[in-house]
There are 2 protein chains.
Amino acid sequence: MGHNRATLADVARRAGLSKTAASMVLNGREGTRLSAEAHQRVFAAAEELGYRPNVAARSLRTRKTATIAFVSDIVATTRFAGDLIRGALDAARERDHVLLIAETQGDPAFERHAIDAMLDRQVDGVIYAAMATRRLTVPQALRAGPVVLLNATSPDDLPCVLPDDEGAGRTATTTLLDRGHRDRIAVIGRNRLKETDPEVSLAAAARLRGIRAALADVGAGVPREVFCQDWLPEHGYAAMRTLLRRPDRPTAVVCMNDRLAFGAYQALAEAGLEVPRDVSVVSFDDDPIAAWLRPGLSTVALPHETMGRRAVELLLDDRAIGSTVVPMSLRRRGSVAPPADPGPPDAAGPGPR
Amino acid sequence: MGHNRATLADVARRAGLSKTAASMVLNGREGTRLSAEAHQRVFAAAEELGYRPNVAARSLRTRKTATIAFVSDIVATTRFAGDLIRGALDAARERDHVLLIAETQGDPAFERHAIDAMLDRQVDGVIYAAMATRRLTVPQALRAGPVVLLNATSPDDLPCVLPDDEGAGRTATTTLLDRGHRDRIAVIGRNRLKETDPEVSLAAAARLRGIRAALADVGAGVPREVFCQDWLPEHGYAAMRTLLRRPDRPTAVVCMNDRLAFGAYQALAEAGLEVPRDVSVVSFDDDPIAAWLRPGLSTVALPHETMGRRAVELLLDDRAIGSTVVPMSLRRRGSVAPPADPGPPDAAGPGPR
DNA sequence: CTGTTAGCGCTTTCAA
DNA sequence: TTGAAAGCGCTAACAG
């Protein structure tokens with residue numbers, strides 16, 4: 001690849017100057033001024049030869065590669081991984097950097113291998129990303145240089161970028177409260193494991209805190225909460241059925257993520273209930289599916305693209321300290337409306353329509 | 001990053017040998033044999049110092065970087081991008097290579113920039129990926145070295161990796177035929193632009209060819225085909241409503257992708273029709289949503305992970321010639337059943353349940 | 001069998 | 001104002 005590229009020596013020769021002179025002109029070094037004419041000649045020569053510096057050679061000297069390692073546990077599983085990467089890519093491009101990516105698949109051997117591979121290539125820094133917001137411990141090898149955790153924290157307070165899940169919880173809930181829901185709001189997606197083990201999830205507990213805080217602010221009653229084994233559509237479906245079986249059907253539910261909400265939609269439709277007329281729904285993530293549902297699902301979006309971008313900014317500006325929390329904002333679609341009417345606290349719900 | 005790494009000189013010194021000797025041992029060069037004891041000493045020294053070669057330095061000499069550029073038009077939009085990358089990543093890891101990624105966003109300026117950045121870093125080859133299977137022209141700059149097109153072809157027959165969309169069309173259709181559907185199969189998602197402009201899509205025409213061929217094989221009638229402006233759920237929804245409005249409701253539909261199928265499901269549910277009892281559905285892609293629908297959607301999966309892997313293999317083994325077509329296989333879920341009964345070719349359908 | 005000597009292409013003292 | 005020379009860490013000729 002790139003066989004006969006012109007070298008700096010070629011440029012210098014053509015310009016009738018030394019490599020030093022050429023180098024200085026091309027790098028805009030002010031250390032010592034060359035004649036305007038020398039500048040001209042060098043630029044002209046470089047232009048004519050289509051000169052491009054060899055980054056490997058340069059970095060051997062400068063110990064800078066303008067390359068960032070992006071190491072994540074899993075890249076493919078979720079669409080969100082792409083957003084994280086895209087944000088990082090954008091920011092990197094703006095600063096003339098490039099991303100070397102690797103995936104550990106949660107396997108320590110792969111991880112070790114990946115990190116070595118990156119370090120061997122003298123990357124300027126490492127972004128260590130998790131696909132689910134969580135706490136993790138970064139391998140010792142990374143301590144050698146700048147690191148930013150993306151969508152993760154570590155026990156030892158490395159600089160990190162996180163989404164504001166607690167704020168998101170408030171936002172979701174407030175949306176409901178603003179429309180007049182209050183004492184019959186339910187929560188779908190409580191999960192002991194996700195809420196208690198920070199290595200599994202940081203989002204679950206934070207979202208719940210936000211939800212409860214918003215409710216407490218207006219003195220609303222404790223919401224009905226349904227536990228789910230995981231956050232997949234089938235669990236949301238089951239949870240919603242559970243809720244519908246009870247006497248006082250909720251006027252609104254907040255689902256811990258969009259997949260749960262999708263399942264909830266399915267159960268609602270099956271019960272002949274209409275969103276948002278009979279039940280309002282809000283959730284989190286802004287999975288593509290949120291826009292595809294009928295009606296569109298109002299959801300608090302994960303700011304993954306911004307997070308990815310922020311991570312490289314922190315890394316390169318090395319003002320990276322503490323945690324950077326990125327706000328999450330509501331994508332308003334059609335799934336929220338005022339409660340139909342208080343209704344008698346008995347029946348499970350009317351038939352279709 | 002990686003400040004005080006031991007260098008080859010350190011290892012040599014510690015082993016009491018020359019850099020040359022150390023280099024040879026470490027690289028397992030057989031050119032000239034060193035004493036067994038020398039081997040021992042070198043390995044021991046390297047081990048003790050935690051020596052790792054500096055890839056930049058090495059590549060300055062060898063002109064090999066063990067780095068592959070992965071340039072794509074869009075990485076984030078679809079989940080499939082992740083699969084392509086993941087496959088490539090896996091294959092690269094197995095061969096001790098690493099991926100430098102960049103995204104052009106379809107912008108020629110970005111593209112130029114990205115390619116320069118990669119070439120400046122002396123990558124060993126380039127994988128040029130498109131997110132929708134299509135034809136494209138690769139920038140001249142890439143002709144300098146090995147290139148493999150991923151999910152794309154070019155007018156000048158660069159080596160490429162493509163999914164077998166025509167086979168997929170046959171597979172989808174055959175699934176229906178095998179269950180007894182025949183003359184009342186409909187197709188959702190015809191699209192003039194996608195079918196005629198190879199720079200937009202290669203998949204649409206190929207899938208359609210496959211569908212028709214399978215039908216022709218059994219002498220089935222020409223299917224009812226509905227055009228869609230795009231392949232999004234809303235279009236599938238509209239298309240299905242159109243079909244249901246006609247007198248002879250289809251017993252089965254093949255949708256050009258899963259998003260259309262999702263829309264079709266919505267229209268079916270709304271009409272009080274049940275999948276697969278009243279209408280069977282098959283489609284293409286294996287979008288995550290296919291597994292989330294109720295019942296699960298049978299769909300012919302895009303083999304993106306395999307494709308990504310294949311691209312790397314072709315590039316590195318440089319036996320890269322012509323096009324490599326990767327088969328697509330059916331994910332059998334619950335959306336296909338035998339037709340209920342021939343039924344009178346009149347009514348639009350019964351009420352709910 | 002082993003070690004010395006040149007570079008790869010670049011930046012950076014240091015002298016002229 | 002400019003240029004020669006050294007050297008980043010490594011490998012490949014070429015002598016010993």
Side-chain angles (χ1 to χ4, degrees), chain A residues 1-42 45-46 49-67 116 119-124, chain B residues 1-42 45-46 49-67 116 119-124:
Chain A
M1 201 102 224
H3 291 120
N4 324 327
R5 287 166 60 118
T7 99
L8 184 63
D10 296 329
V11 174
R13 193 172 318 117
R14 178 160 195 135
L17 292 168
S18 70
K19 288 195 303 174
T20 312
S23 171
M24 289 185 142
V25 169
L26 259 13
N27 293 313
R29 295 319 228 83
E30 291 304 330
T32 136
R33 269 187 295 282
L34 301 198
S35 67
E37 195 225 337
H39 275 247
Q40 284 309 324
R41 290 219 307 273
V42 170
L49 296 172
Y51 171 74
R52 303 228 94 224
N54 178 324
V55 175
R58 170 186 289 167
S59 70
L60 198 52
R61 263 317 327 214
T62 61
R63 336 219 61 171
K64 294 236 156 284
T65 49
T67 302
D116 282 347
L119 262 26
D120 292 351
R121 284 168 180 79
Q122 317 294 119
V123 294
D124 294 340
Chain B
M1 201 101 223
H3 292 119
N4 324 326
R5 289 167 60 119
T7 102
L8 184 64
D10 296 330
V11 173
R13 194 173 317 118
R14 178 157 195 139
L17 291 170
S18 71
K19 288 194 303 175
T20 313
S23 171
M24 288 185 143
V25 169
L26 261 12
N27 293 315
R29 295 320 227 84
E30 291 304 329
T32 137
R33 267 186 295 284
L34 301 199
S35 67
E37 196 225 336
H39 274 248
Q40 284 309 324
R41 291 219 305 275
V42 171
L49 296 171
Y51 171 75
R52 304 225 94 224
N54 179 325
V55 176
R58 169 185 292 166
S59 70
L60 198 52
R61 245 355 293 228
T62 60
R63 335 219 60 164
K64 294 233 155 285
T65 50
T67 302
D116 282 347
L119 262 25
D120 291 352
R121 286 169 180 78
Q122 318 294 120
V123 294
D124 294 340

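Here is the naming used below: chain letters follow the sequence lines, and residue numbers restart at 1 for every chain. Just so you know, these numbers use all the heavy atoms, side chains as well, and skip hydrogens, waters and symmetry mates.
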N/O donor-acceptor pair under 3.5 Å between A:T65 side chain and A:Q122 backbone: yes
List in chain and number order the residues that pass side chain to side chain donor-acceptor pair (under 3.5 Å) with B:T67, two or more places apart in sequence or in another chain; answer none if no residue qualifies. A:R121
Proximity to the side chain of B:S18 - top-ranked nucleotide from D:dC10, C:dG3, D:dA4: C:dG3
Results of salt bridge (charged side-chain N to carboxylate O under 4.0 Å, His left out) for B:D10 - residues two or more places apart only: B:R13
side-chain contact (heavy atoms from CB on, under 4.5 Å) against A:R61, all qualifying residues, sequence neighbours excluded: none
Any N or O donor-acceptor pair linking the side chain of A:T20 to the base of C:dT12 at under 3.5 Å? yes
Residues passing the salt bridge (charged side-chain N to carboxylate O under 4.0 Å, His left out) test with A:R41, sequence neighbours excluded, are A:E37
Could one point to a donor on the side chain of B:T62 or the base of D:dA12 with an acceptor on the other under 3.5 Å away? no
Taking only N and O in the side chain of B:R58, is any of them less than 4.0 Å away from OP1 or OP2 of D:dG9? no
D:dA12 phosphate, OP1 or OP2, under 4.0 Å from B:R61 side-chain N/O: no
Would you say the base of D:dA12 and the side-chain of B:S23 have a donor-acceptor pair closer than 3.5 Å? no
Of the residues in residues 6-15 of chain B, which ones touch DNA chain C at a heavy-atom distance under 4.0 Å? none
Below the 4.0 Å mark, does C:dT11 have OP1 or OP2 next to a side-chain nitrogen or oxygen of A:R63? no
